[in-house]
Amino acid sequence: MAVNEMHQRVWQVLGQIPAGKVVTYGQVAELAGLPGQSRMVGRCLGKLPEGSQLPWHRVINSQGKISLPVGSESYDCQVGRLQEEGVAVINGRIKLSVYRWQP
DNA sequence: GTCGTGACATGCG
DNA sequence: ACGCATGCCACGA
């Protein structure tokens with residue numbers, strides 16, 4: 001089944017994201033070889049184990065915002081980590097023009 | 001086996 | 001800038 005393989009692709013892409021940078025779901029999907037299937041990326045992250053060690057917090061939507069519900073632990077965790085890595089999060093928004101990782 | 005939902009993206013009004 | 005509608009695919013009820 002290719003599902004497992006595409007998950008692997010996604011994990012690998014996440015690992016390539018440098019600290020202090022962020023990427024959109026579409027970007028990850030494209031790098032993973034799944035153009036247009038950004039939903040799969042998001043679904044994968046949701047299924048991600050807690051001790052996966054993958055920098056899922058560097059993945060945001062095309063609007064430069066975090067897709068998680070505001071007030072949830074994941075959201076808070078993501079924002080905190082991003083800010084620690086030097087990413088400015090203003091009003092829950094990130095400047096993609098500055099922090100977007102481009103390979 | 002069908003239906004609805006989801007950590008999305010893009011286009012329109 | 002914002003909300004609504006459509007497309008894409010996998011998964012659970």
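- For the pair A/Lys65 and A/Gln37, both in contact range of DNA chain C, the more 5′-proximal nearest nucleotide belongs to A/Lys65.
- Among pairs with a residue in residues 74-94 of chain A, those fulfilling salt bridge (Lys or Arg N to Asp or Glu O under 4.0 Å) read A/Arg58-A/Glu85, at least two apart in sequence or across chains.
- Residue A/Ser72 comes nearest to A/Leu68 through the heavy atom pair OG-CB, 4.2 Å, listed as atom of the first residue, atom of the second, then distance.
- Rounded to the nearest 0.5 angstrom, A/Trp56 CH2 and A/Gln78 CD are separated by 5.0 Å.
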remark   = With B for base contact, S for sugar-phosphate-only contact and - for none (protein heavy atoms under 4.0 Å), nucleotides 5-11 of chain B reads -BBBSS-

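- The distance from atom CD of A/Gln27 to atom CD1 of A/Ile60, rounded to the nearest 0.5 Å, is 10.5 Å.
- The backbone N or O of A/Gly64 sits less than 3.5 Å from a side-chain atom of A/Asn61, completing a donor-acceptor pair.
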